[in-house]
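For reference, the structure is listed below as structure tokens.
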Amino acid sequence: MSDRYKHSEIESKWQAAWEEQGLYDTAEDPSRPKWYALTMLPYTSGDLHTGHWYAMTPSDAAARYRRMSGYNVFFPIGFDAFGLPAENAAIQNNVHPQEWTYNNVERMQGQLRRMGAMWAWDREAISCDPEYYKWSQWFFLKLHEMGLAYREYAPVDWCPKCNTTLAHEQVWGEDRHCERCDTPVIKKDLNQWKFRITKYSEELLADLEKIDWPEPVKVMQTNWIGRSDGAQVTFFTEDGDPIEIFTTRPDTLWGATFMVLAPEHPLVDIITTPEQRSAVAECVEEAGRLDEIARTAEDKEKTGVFTGGYAINPVNGERIPIWVADYVLMGYGTGAIMAVPGHDERDFEFAKKHGLQILLVVQPPADSEAGHVRSADDLEAAWPGEGVMINSGPIDGTPAGKEEGESVKAAIAWLEENGKGTGAVNYRLRDWLISRQRMWGTPIPMIHCARCGTVPVKYADLPVRLPDDAQFKPTGESPLNYHEGFRYVTCPQCKGPAERETDTMDTFMCSSWYQYAYVDPYHKAGEPLAADDLPWDSGRGSYWLPVDQYTGGIEHATMHLLYTRFFTKALRDMNVVAFDEPMLRLFNQGIILGPDGERMSKSRGNVVNPDEYVDKYGADTVRGYLMFIGPWEHGGPWDPSAIEGVSRFLYRVWSVVLDEPHSNGAGSPADADVRGLERKLHQTIAKVSEDYGSFRFNTAIAALMEFNNYLIRVKDSFTGPDGGETEDGVWRESVRNLLLMMAPVFPHVSEELWQRLAEGGDAASVHLQAWPQADPEKAKEEEITVVVQVNGRVRDKLSVAPNTAEEELEAMALASNNVQRWMDGKQVRKVVVVADKLVNIVIG
RNA sequence: GGGUCGGUGGCGGAAUGGCAGACGCAGCGGACUUAAAAUCCGCCGGGGUGACACCCGUGUGGGUUCGAAUCCCACCCGACCUACCA
């Protein structure tokens, strides 16, 4: 017996050896095809949890497979190191967030090393390092110059627990709660910095076609961007003030019987008549207050008030009342709508409630449920569907619809001809609010001067550093506000007294460009920057970029994954990159659940600590188990007993490779045994290669287990009379290839066995070996089973050579005793023969 | 309300038009052991049989096909996302 598999010894041994050899250091090599594999960077929370293992170790296995397949693979790692938890810890424990963060980084680096992943540690980047965030600030200045960063006084979402504003994407759910702490947000009017992501709305939408991303992410981004095609139409009040509206149904303009303004709309004040003033003021106040209360699903009653003012419908000159209601949102479109109660559900509900006129302009077809409706009074609900335009002047008789020759197009053409409006596209996407009223983030490099206004910090003065001596008090206010040295500065333009911007950037800013930072982290460290610098070495950048394969969770679909696409387009327009999309392929893994099938959480007490299992079984087993659970994109529950199966597999591999055989064979193995093993080997290579290439680790591992079981079964046949192995190469080749195929998932045990197997004991690492190639000839079966069916039910099986002629199969099937028995003298109506598969005899 | 994905043994799953349940977990029986653990061998969807044969079976109901877990239609259930978007 050889010694047993001792994972703790070999794993730490090889991790140290690989590091010493620089096995995973990165070098650009134009002679080889590159592959940039990236897994979403971890936040410096303090501990790597099972979710990190589930996301990262399969990413590593895929990257290792690419590397063995001949690619020069870049698989970097770093830390998302700014954010609120560090600051909260600072307040609670009176430590600087930097200290808290770097303690966590150190612990997590150790945990990441235990994974045995091929991280390119030589390119590590940490986003709170001043040499990192000086480039975040450099980007900010560039975006500001391009008009893509701007400051605006506007109502914004504020989390009262985090004491900061949030971006639209970071407010979740119907109760509009904070993405981080679940607290319902409130509205505040504040001066805030934003990025003009909406400039790229159309491109962000259209370019989804260019990238190989999962359909659900594309759908979510598409919905989030929310393109609507319609028309912009100008109404006028009786006093001649214009009211712009956007509508997707300009064909129903003739059915507009009233207008509704959002409570925040600037015209509300102007058009409200004295009699209505108090009611309108109450409604506006109510709407403002409602924003501060968590809205529930039931709270959908359409409330609104008449302003007393009237507008003229530009298409037919009708005088229609103007209302104020909170179902019209200031943040979408123009904050004003024309209401067509006959054909819009919300308008219908509102009109019914307030006794407003309902007009029918689309006659529902006669065969529809609403087809008998001849007048609007009969309507039980709005009719948003098809039909023919009526009561609509120039477009009467046109079929309702958006296609060529139908009502929407016709209406837009008429509007444009008559100067009443234009075809228009509207997007739901809003600009990205990046200001955070917190200290532990990238300072926004701007200075407010009473004389010069808002002035950018000079490039050469970057980075704007966070102070080391900030005081953390539980006031809810950013320490930057009361740090005099940080706050009070001289104006870069007039040299007069000025105040530094104390907002910091959303941490999604750091992660919007981290894939570029990895290429050449902390570029120009310690050197002053200039406007025409490049943030990384251009040779390295053009070699590695863009990312070939990105892996991560779908929860970032409308945040990080949208922001980084925007950022890349902006970088392209500042001539920093030459491509349109940052990540060419994306794979979303599922979520690893607790043993109870629920999401892991401390409150449920179902959290699985990966370190515990690594101690007990080793990193290789934990890696393999996570990949064996099921399809990676599905996720699934952690089963503490099922991990035993993977552990046993590794012990069996150990034994099949190293142990003496149980009995000695007769000499050299029989030809059939040799061919059988060779066939199984090449079938396994084909299967495993295909599965690794498409992230199907569960079936790849199953194939490896099956192959190992085969090796165990036949081992004694390949044993020479003296107890040692025969000279025959197939056994040796099989074992070597088993280790090569295991290397991506089980890097340590594969390396250990590879080295022990090597003659002379000083072989190059298993991870530097070439991926084995399956030979289809050798993988071919000599004999296959063809199923014989009678009326679709299996009644017999034939053992034949592959490619046996169809006529021959048919003859054999008809001659079968079993078949004869089932045919029972009945007529053969038809015989279906599928070569190498089956014969189906249809009788009756 | 809208969208997306899914429903297969006791459990995780495999099979995406051709032998349902690969691989693994749990369970049962056996070997080894003073005993247990570990390990090894065998069984393992349900009914039926001494054993076969045979019958039933992939959420439910229909359909297409020589043949359906797989394709189509309707419905039921679950997960996730989204939601007054004009």
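Reminder, nothing fancy here: chain letters follow the sequence lines and each chain counts from 1.
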Can you see if the side chain of T699(A) gets near the phosphate of A22(B) - specifically, an N or O under 4.0 Å from OP1 or OP2?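 Answer no for this pair, as no side-chain N or O of T699(A) is under 4.0 Å from OP1 or OP2.
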Should N426(A) be listed as having a side-chain N or O under 4.0 Å from OP1 or OP2 of A86(B)?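 No, N426(A) has no side-chain N/O under 4.0 Å of OP1/OP2 on A86(B).
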For RNA chain B, determine which residues of [range] have any heavy atom closer than 4.0 angstrom to one of its atoms, and list them numerically.
range	result
residues 621-638 of chain A	F628(A), I629(A), P631(A)
residues 791-800 of chain A	R793(A), V794(A), R795(A), K797(A)
residues 586-600 of chain A	none

Rounded to the nearest 0.5 Å, how far does [atom2] of [Y] lie from [atom1] of [X]?
X	Y	atom1	atom2	answer
F508(A)	L561(A)	CZ	CG	9.5 Å
W53(A)	I592(A)	CH2	CD1	12.5 Å
S392(A)	L359(A)	OG	CG	8.0 Å
E209(A)	I211(A)	CD	CD1	10.5 Å
N840(A)	K830(A)	CG	NZ	9.0 Å

Test of understanding: with side chain to side chain contact (heavy atoms under 4.5 Å, CB included), list the residues that count as partners of [X], not counting sequence neighbours.
X	result
I843(A)	V790(A), N791(A), M823(A), K826(A), V828(A), I841(A)
M220(A)	I554(A), A557(A), T558(A)
P58(A)	M627(A), W632(A), F697(A)

What interatomic distance, in whole Å, is found between [atom1] of [M] and the corresponding atom of [N]?
N	M	atom1	result
U33(B)	G50(B)	P	37 Å
U58(B)	G10(B)	P	13 Å
G45(B)	C11(B)	C1'	13 Å
G61(B)	G24(B)	C1'	35 Å
G21(B)	G9(B)	C1'	7 Å
A20(B)	G13(B)	C1'	13 Å
A15(B)	A68(B)	C1'	13 Å

Nucleotide of [options] approaching [X] most closely (side-chain heavy atoms):
X	options	result
T785(A)	C19(B), C85(B), A83(B)	C19(B)
N709(A)	G24(B), G18(B), A83(B)	G24(B)
A642(A)	C23(B), C25(B), A86(B)	C25(B)
R428(A)	A83(B), A86(B), C23(B)	A83(B)
W224(A)	A86(B), A83(B), C66(B)	A83(B)
N698(A)	C55(B), A14(B), C84(B)	A14(B)
R346(A)	C85(B), U82(B), A86(B)	C85(B)

Residues 793-812 of chain A, side-chain donor-acceptor partners within the protein, below 3.5 Å, at least two apart:
{"residue": "D796(A)", "atom": "OD2", "partner": "S816(A)", "partner atom": "OG", "Å": "2.7"}
{"residue": "T804(A)", "atom": "OG1", "partner": "A801(A)", "partner atom": "O", "Å": "2.4"}

Restricting to nitrogen or oxygen on both sides, can you table the protein-nucleotides 36-42 of chain B pairs closer than 3.5 Å?
{"residue": "C40(B)", "atom": "OP1", "partner": "R652(A)", "partner atom": "NE", "Å": "3.0"}

Rounded to the Å, how far apart are [X] [atom1] and [N] [atom2]?
X	N	atom1	atom2	result
E706(A)	G21(B)	CD	P	13 Å
E349(A)	G1(B)	CD	P	15 Å
N818(A)	A53(B)	CG	C1'	10 Å
R829(A)	U65(B)	CZ	P	15 Å
R696(A)	U16(B)	CZ	C1'	11 Å
E215(A)	G3(B)	CD	C1'	12 Å
N840(A)	G18(B)	CG	P	13 Å
R713(A)	C23(B)	CZ	C1'	13 Å

Take atom CD in E345(A); do more than 12 heavy atoms of anything else shown fall under 6.0 Å from it?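 No.
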Around atom NZ of K402(A), are there more than 12 heavy atoms from other residues, nucleotides or ligands closer than 6.0 Å?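 Above 12, so yes.
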Would you call R227(A) and E202(A) a salt bridge, taking side-chain N to carboxylate O under 4.0 Å as the test?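 Result for this pair is yes, salt bridge flagged.
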Only one of F649(A), F746(A), W654(A) passes ring-ring contact (aromatic ring centres under 6.0 Å, His included) with Y5(A); say which it is.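 Filter result, single survivor: W654(A).
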Tell me if G30(B) is syn or anti. Syn = glycosidic torsion within 90° of 0, anti otherwise.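 Classified anti.
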Both K687(A) and R821(A) contact RNA chain B. Taking the nearest nucleotide for each, which residue is further toward the 5' end?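 On the 5' side of the pair lies K687(A).
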For RNA chain B, whose closest nucleotide is more 5', that of I701(A) or that of M220(A)?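 Its nucleotide being nearer the 5' end, the pick is I701(A).
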So, D431(A) and T198(A): side-chain donor and acceptor under 3.5 Å apart, yes or no?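 There is such a pair between these side chains.
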With salt bridge (charged side-chain N to carboxylate O under 4.0 Å, His left out) as the criterion, how do R696(A) and E690(A) come out once you've worked through the C-alpha distance, each side chain's angles and the decisive distance to 0.1 Å? CA-CA 8 Å; R696(A) 291 196 297 255; E690(A) 198 188 319; 3.5 Å; yes
Return a table of donor-acceptor pairs under 3.5 angstrom between the side chains of residues 633-641 of chain A and protein atoms on other chains or two or more places apart.
{"residue": "D639(A)", "atom": "OD1", "partner": "S641(A)", "partner atom": "N", "Å": "3.0"}
{"residue": "D639(A)", "atom": "OD1", "partner": "S641(A)", "partner atom": "OG", "Å": "3.0"}
{"residue": "D639(A)", "atom": "OD1", "partner": "A642(A)", "partner atom": "N", "Å": "3.4"}

Going by ring pair (Phe, Tyr, Trp, His ring centres under 6.0 Å), name the residues that satisfy it together with H354(A), two or more places apart in sequence or in a different chain.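 Residues passing ring pair (Phe, Tyr, Trp, His ring centres under 6.0 Å) with H354(A): W323(A), F350(A).
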Pairing of RNA chain B as dot-bracket, 5' to 3': ( ) intra-strand, [ ] crossing, | other strand, . unpaired, with Watson-Crick or G-U pairs under 3.5 Å? (((((((..(((.....[....))).(((((.......))))).(((......)))..(((((..]....))))))))))))....
Using the test side chain to side chain donor-acceptor pair (under 3.5 Å), find all partners of W224(A) that sit at least two apart in sequence or belong to another chain.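 Result, side chain to side chain donor-acceptor pair (under 3.5 Å) vs W224(A): E169(A).
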